[in-house]
Amino acid sequence: QQKVQQSPESLTVSEGAMASLNCTFSDGTSDNFRWYRQHSGKGLEMLVSIFSDGEKEEGRFTAHLNRASLHVSLHIREPQPSDSAVYLCAVSEATGGNNKLTFGQGTVLSVIP
Amino acid sequence: NAGVIQTPRHKVTGKGQEATLWCEPISGHSAVFWYRQTIVQGLEFLTYFRNQAPIDDSGMPKERFSAQMPNQSHSTLKIQSTQPQDSAVYLCASSWIQNTLYFGAGTRLSVL
């Protein structure tokens with residue numbers, strides 16, 4: 001069974017400084033890795049989805065995947081206070097459809113002006 | 001497009017009562033998922049439907065929980081004899097097959 005762990009639990013950065021979040025998983029055979037964010041009291045918003053080793057950029061959000069290291073990271077360029085939210089790493093199941101997801105516990109990001 | 005609509009947004013029940021949560025997926029989406037979110041366990045998969053048929057309910061507690069999708073415009077999650085440990089945010093999501101999953105805002109269930 002897939003296990004997903006995120007670090008750090010919380011992160012505070014200044015507006016404009018790069019924010020880096022980490023996620024490790026136990027089963028590298030999954031075909032899809034995603035980052036979501038959740039503002040307080042809101043639903044989940046998908047930021048970036050990556051299928052292959054390497055880098056995937058979506059606006060200010062860049063994901064890096066290294067299956068051999070069982071690691072995927074998210075880098076947020078020039079974060080704004082409005083980016084303050086919980087960031088969730090999600091890994092799809094290797095079989096049964098790639099929208100059946102296992103989530104990490106989340107990283108609480110605070111961006112201070 | 002109103003997105004995935006979940007009602008009610010908040011539900012309070014007494015221990016032992018029944019709770020029914022409602023989800024309206026995005027029109028045209030063929031897959032509907034239910035997840036549960038708690039502080040202790042985080043986000044957990046419960047069940048999903050494809051073209052209204054139940055495909056995988058491996059995350060559903062075997063007793064008291066049931067989900068249905070009687071037509072393509074709504075799905076329900078029913079919890080019988082609710083217990084305090086059922087208190088959580090229940091999230092519904094929909095997608096076209098193998099495509100981006102869109103989440104609703106969730107229903108917060110509080111069992112007193």
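Chain naming here is simple, since letters A, B, ... match the order of the sequence lines and numbering starts at 1 in each. Because the structure is predicted, anything quoted here is derived from the model rather than measured.
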Where does [X] contact chain A at under 4.5 Å (heavy atoms): side chain, backbone, both or neither?
X: B/Gln6; answer: neither
X: B/Leu43; answer: both
X: B/Ser58; answer: side chain

Check your understanding: After noting the C-alpha distance and the side-chain angles of A/Leu44 and B/Tyr35, does the key distance pass the side chain to side chain contact (heavy atoms under 4.5 Å, CB included) rule?
Key -> CA-CA 11 Å; A/Leu44 274 67; B/Tyr35 286 84; over 6 Å; no
Are [Y] and [X] co-members of a hydrophobic cluster defined by side-chain heavy atoms under 4.5 Å apart?
X: A/Val91; Y: A/Phe61; result: yes
X: B/Val89; Y: B/Met60; result: no
X: B/Tyr90; Y: B/Val4; result: no
X: A/Leu88; Y: A/Val72; result: no
X: B/Ile55; Y: B/Phe65; result: no

**Study point:** Contacts of residues 68-75 of chain B with chain A (heavy atom under 4.5 Å)
**Key:**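 Checking residues 68-75 of chain B against chain A gives no residue, so none.
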Point to revise | chain A contact residues among residues 104-112 of chain B, heavy-atom distance under 4.5 Å | key: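 Against chain A, the residues of residues 104-112 of chain B that fall inside the cut-off (heavy atoms, under 4.5 Å) are B/Gly104, B/Ala105.
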With a sphere of 6.0 Å drawn around [atom1] of [X], does it hold more than 12 non-hydrogen atoms of other residues, nucleotides or ligands?
X: A/Glu57; atom1: CD; result: yes
X: B/Gln85; atom1: CD; result: yes
X: B/Tyr102; atom1: OH; result: no

Exercise for review: Could I get the full list of salt bridge (Lys or Arg N to Asp or Glu O under 4.0 Å) partners for B/Arg9, not counting sequence neighbours?
Suggested key: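 By the salt bridge (Lys or Arg N to Asp or Glu O under 4.0 Å) rule, B/Arg9 matches no residue at all.
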Review point. Is there any residue in residues 103-113 of chain A with a non-hydrogen atom under 4.5 Å from a non-hydrogen atom of chain B, and which ones are they?
Key: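 Within residues 103-113 of chain A, the residues under 4.5 Å from chain B are A/Phe103, A/Gln105.
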Practice item. Check step by step if side chain to side chain contact (heavy atoms under 4.5 Å, CB included) holds for A/Met46 and B/Leu101. Key: CA-CA 8 Å; A/Met46 195 177 81; B/Leu101 195 58; over 6 Å; no
Exercise for review: Could you tell me the separation between the OG1 atom of B/Thr100 and the CZ atom of A/Arg34, rounded to the nearest 0.5 Å?
Suggested key: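 CZ of A/Arg34 is found 7.0 Å from OG1 of B/Thr100.
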Check your understanding: From A/Gln38 CD over to B/Phe103 CZ, what is the distance, rounded to the nearest 0.5 angstrom?
Key ->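 If I round to the nearest 0.5 Å, the distance is 9.0 Å.
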Review point. Donor-acceptor pair, B/Tyr48 side chain versus A/Asn99 backbone, under 3.5 Å?
Key: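 Checked: no pair found.
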Exercise for review: Identify which part of A/Glu45 has an atom lying under 4.5 Å from any heavy atom of chain B, answering side chain, backbone, both or neither.
Suggested key: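 A/Glu45 has no heavy atom closer than 4.5 Å to chain B.
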